[in-house]
Amino acid sequence: MLEVDGGIVFWILSFVILVSGFMVVSLKNVFHCALALVLCLFTVAGLYILLDAEFLAAAQVLIYVGSVAILLIFEVMLTSKLADKRITQSNDQALVGFFICTLFAVAAYLLIKFNTIWYPLAKSALPSDNILTIGKYLMTEFMLPFEVVSILLVAALIGAIALARTEKS
Amino acid sequence: MIWPIASAELLPLFSYLYELLESTGLPQPWLAVVVYTFLAALVFGVLSLLALFLVWWERKIAAHIQQRFGPMRHGWHGWYQTIMDAVKLLQKEDIRVATRDKTVFFWAPVVCFVAAFLAYVTIPFGEGLIVADLNIGILYIMAVTTFTVISLLMAGWGSNNKYALLGGMRSAAQVVSYEVPMVASILVVVLFVGSLSMVDIVQAQAGGIWNWYIFRLPYGPIAFCTYIIAATAEANRTPFDIPEAEQELVAGFNVEYSGMKFAMFFLAEFVNAFTVSAIAVILFFGGWHGALLPSWMWFLGKTFGIVLLLMLFRWTYPRLRVDQLMEFSWKFLVPVTFANIIIAAWFKYAGWYW
Amino acid sequence: MPELRTEEFQINMGPHHPSTHGVCRLILTMDGEKIVKIEPVIGYLHRALEKICENRTYAQCIPVTDRFEYVTAMSCNQVFSMAAERLAGIEVPERAEYLRVIMLELNRIASHLIFYGVTAMDLGALTPFLYGLREREAIIDLFEMTCGQRLTYNYIRVGGVARDIPKEFIPKCHEALDTITEKMSDYEGLLNENPIWLVRTKGVGVMPAKLGIDYGVSGPVLRASGVDYDIRRDDPYSIYDKFDWKPSVRQNGDCFDRYLIRLDEIKQSIKIVKQALDGLPEGDIKAKVSPNFKPPAGEVYARVENSRGELGIYIQSDGGKKPLRVKMRGGSYCQLQALPYFGTDCFIADLVAIFATLDIILPEVDR
Amino acid sequence: MLDGTGSMGVFKDIKNLLIGMRITGKHLGRHAITLQYPEQKWTMPERSRGVVVLLSDKETGELNCTSCMLCMRACPTAAIEIDAPRGEDKKRTLKVFNVDNALCCYCGLCEEACNFSALKMATMYEYSTPNKGDLFWDMKKLQEAGRDVPYEDKRKKKKAKPVEAAPINEATPVKEDTKTDSPPPDDKASDTAGKEDEG
Amino acid sequence: MIPYLALAAILFSIGLFGVMTRRNTIGILMSLELMFNAVNINFVTFNKYVVSDGLVGQIFAIFIVVIAAAEAVVGLAIVLLIYRNWKGIDTDHFTVMKW
């Protein structure tokens, strides 16, 4: 298909991911944060396509953007009033936190770059039809986790309803 | 370079254009960029025209159901009335509320508009007339159309208006709950085709009207009914148009929008209606298959048939209340579609389907 | 666990809201989509009609009453004329009475047809509105043929009616009534059994009969709550006692019954008009009344049943050619003031349904 | 299904929904009953109360008005303004006859008050204007507007009938046929109205 | 491969920063989602470059996405509950273990 150098696309995507990700943690208005999160998650889906995981990309958009982000936005709308004064979101330790996190990132990068020996595989290509393969995996090898996850989802559903519903007096 | 969008009928035109491009001596990667830009512009243009036509058509259908004329002034039976409307909306003053959330207010219609058009990457308008035949086809459409909800939420929040906020929240609740039966209805078809690709789904229905999945599948009509109900809700049309609901929320999420921004919401709504109809045609009515006429004509004809059905819904039924809407989805549609999937899976497993 | 609380907020429904039928403002206190409190604010349409009447002669007051409740302007003309006639002791010729009944009932049908369309439109079904107006048009054409105006008729005068009906009126009227009878099946088919319509209206906004009586509600809204009270029968005016009809009563008092009762009334009104057309006597259409007649000093209250309940006019005269005081009483006002007491604890969409089925005309509220 | 009537309710509900669709679908095939207004017009009924015009004598072409001021007194909104000073021979001569159509409420009381067929509410209705001042019609304009309006002369039989205007000869019915969308093209009322617009 | 992993590491630290400094509960949940995504990127990258066959990494990522959704649902229900009881969703409000 489109023969554009994957490198450029990666740099653009990662730039957007990092900027929007930083917006998520730094903006004052929670609603804007949620929208930045949507953008970030959407670009991560683009990254998945670069990594040959189309199904995961679609699932990412469908679940994160379609459900989780909407839930978050919904929650923001329910809990903060319109024309509200901007909610304070950072605390006094922000600077310390920033310092620690930068340190963490630098350390992680150094570890990845210099301290780990990666075993690059022999370029045996990924399965061509990754949906089919994922389906087969889920129905054979990963059957048990799959079922456990479904139980977890039901539990979460019921739990959420039980938590949020109003008691009828 | 193979044109991804080239049906048998339109191939000569495309190959001529390609030769023309090649003769300019562009390098190959840039040629691809030009080609895809051109394609995007083409799809965008065709769809905008389709949406404008749909607006006109809806007004005509509504008028004739109500024994009126509808637009009659511009051209034969007012055929370019909607184009004039679009021009008028372009020229209108863009009224902005002083207390709006500036960024969100500005981007909401853009997101809505883009999301509406994104789906058309994988919709085959005819044999080979498709921009990209993704292997996640239908899943991709389901995924990108969720951006419409985000845009409605953005519009509701950005307007800083209680009616708009209520509309946005209603739309979020509605779309999240109707996505489940919609995907579940689609799964019945996907189960039999064994592929998510749109082209594969259509190819599986080749030959004869009895190969269309609405007739061929066990419980095909039920799957179609549940799909069309959920799709009506997804496209925010009456009887499920509670996010707008003129009589309750004035105009819901787009109450504060005017001019071009309003036009974007308005057009996106009709593009969405066309999208869900097109998916219905692809899944249940054999896509582009048909005799004699060119394939894209068949596709468009069938899609307009489904759109007509949506319009009849709109002009016949009252609107549901918001809690009844949820109840209807969770207590009726979801069980029915799930039961449908189980039955269909059983049929598939036993090899009974015909 | 303490009781869970959520944030309440206020929302202004109106004055410019599509489903308030005019310029009424309802201050709603909402808990999410639920309505906790309703506070109607009226007066946006106040035109001082009562005061205007006090500066006009009795004949000149009739066009003013046209503007009081313009959907059934005939009733307003009728009630003012009745009051003035009682004050001055004027006998109305029989033919005039028959013509009055024909016009009043036709106007009631027209009003209920509007109600049908507008209620459906408020609940989201746009097509019935046009169907309702289509048949109303036939009736309005009859009025225009007779008195020359489509909305503000100024037809029923003190002492009789303004003009005799043209000769093609009777066949046209029969034709219009037959069309409406025929189209009733369309109306009922579109909404009566429609499951969406049923869930939107059944059991929604139940008005207890006692509450209605307490707040002076009358007319179809009260009859839908099971109170068998119709001024046409219980305090007969004009010649209603000559016809064979019965007021329609329903028991539940919800939106669906308020809707159905209007359809029933259309049928009853068609029955009355048909009988009146058949029994129309020859004779004068107006008693001899001077345009500037001076009724003796005194006071009088006349009331009629219009499509929104009891429509009353109180006139006090000092013997001059202008009334000393005029007080108008409309059914809509009482219905609106009862609304906060039974319209709460429902969704905003339900409030629209309730407001629509109360069939409030704001000029009647604000005067 | 919606109101929880159980599984059997579903089929009933679907049937009723289809009935609704059938009714609207049935109307879809029918022809429109509305008119394309500026090109096509209804025939106004003869009694229709439009704008007030002054009538002129059919032979002499002079105004029928005798300046009796009855219409002015009958008007509930004081839209009519008459100035007719008595001359030396004690007869009134009509100098000013103004109608403010912005005030007029189209009740028709002036027409009924007039015993001399001097003014009438004609069937014309197209005189809207962006300028409020244009709604103030003076005597000349009123006379011009009433030039071709047909009327029954009440002057000869004085006070024979107080107000009742008997239906005139070929009183056209309101609408010939509501199903057709084109009325007879040569419509007298709209013709005069059209002229009025040009004037 | 290294740029992908580096990106994931930076995204993770951004998320960490958010979790540490935010006082708004919804903000913390959003930062958590960022961290989940960073981990997911890692899994998918390994799946492409390290694992020789199969899609085990992607399957793990799918499970994580699902669990993130479940976590968001429950977390938001708790947030709603807290908001109803304390009229605010700052972490300062969480001073009691039961009520």
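Hydrogens, waters and symmetry mates play no part in the numbers below; they use all other heavy atoms, side chains included. Everything numeric in this text was worked out from a predicted model, so none of it was measured. Naming convention: chains lettered A, B, ... in sequence-line order (proteins, then strands); numbering from 1 in each chain.
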When only pairs under 4.5 Å are counted, which of [options] shares the most heavy-atom pairs with chain E?
options	result
A:Val149, A:Leu157, A:Ile100	A:Val149
A:Ala155, A:Ala59, A:Ala107, A:Gly97	A:Gly97
A:Ile63, A:Ile134, A:Leu153	A:Ile134
A:Tyr48, A:Phe98, A:Tyr109, A:Phe22	A:Tyr48

Exercise. Top residue by heavy-atom pair count (under 4.5 Å) with chain A, among E:Ile10, E:Ile67, E:Asn40?
Worked result: E:Asn40

Problem set entry | Option that, when pairs with chain A are counted at under 4.5 Å, heavy atom only, ranks first among E:Ala6, E:Ser13, E:Gly15, E:Gly18 | E:Ser13

Exercise. Is chain A contacted by the side chain of E:Ile59, its backbone, both, or neither, given a heavy-atom distance below 4.5 Å?
Worked result: side chain

Region of [X] in contact with chain E, defined by heavy-atom distances below 4.5 Å:
X	value
A:Leu103	neither
A:Leu18	both
A:Ala34	both
A:Leu71	both

For this session: Test E:Ile62 against A:Phe55 for side chain to side chain contact (heavy atoms under 4.5 Å, CB included), laying out the working first.
Result: CA-CA 9 Å; E:Ile62 287 171; A:Phe55 179 76; 3.7 Å; yes

If you compare all heavy atoms of [X] against all heavy atoms of [Y], which two are closest, and at what distance to 0.1 Å?
X	Y	value
E:Val73	A:Ala156	CG1-O, 4.2 Å
A:Cys101	E:Met20	SG-CE, 3.3 Å
A:Val68	E:Ala69	CG2-CA, 3.8 Å
A:Val25	E:Ser31	CG1-OG, 3.7 Å

Roughly how far apart are [X] [atom1] and [Y] [atom2], rounded to 0.5 Å?
X	Y	atom1	atom2	answer
E:Ile14	A:Ile17	CD1	CD1	10.0 Å
E:Leu5	A:Leu111	CG	CG	11.5 Å
A:Met23	E:Met30	CE	CE	12.0 Å

Exercise. Are E:Tyr4 and A:Phe10 an aromatic pair by the rule of ring centers under 6.0 Å?
Worked result: yes

Problem set entry | Centroid separation A:Phe104 to E:Phe17 less than 6.0 Å | no

For this session: Please say whether more than 12 non-hydrogen atoms of neighbouring residues, nucleotides or ligands are located less than 6.0 Å from CZ in E:Phe60.
Result: no

Exercise. Under the criterion side-chain contact (heavy atoms from CB on, under 4.5 Å), which of E:Ile41, E:Leu11, E:Leu7 is the partner of A:Ser14?
Worked result: E:Leu7

For this session: Determine, step by step, whether E:Leu34 and A:Cys40 satisfy the side chain to side chain contact (heavy atoms under 4.5 Å, CB included) criterion, reporting the C-alpha distance in whole Å, the side-chain angles of both residues, the deciding distance to 0.1 Å, and the verdict.
Result: CA-CA 8 Å; E:Leu34 281 186; A:Cys40 182; 3.6 Å; yes

Exercise. Do A:Leu138 and E:Phe63 touch side chain to side chain, with heavy atoms closer than 4.5 Å?
Worked result: yes

Exercise. Does anything in residues 60-70 of chain A pair up under side chain to side chain donor-acceptor pair (under 3.5 Å), and if so which pairs, sequence neighbours excluded?
Worked result: A:Gln60-E:Asn37, A:Tyr64-E:Glu33

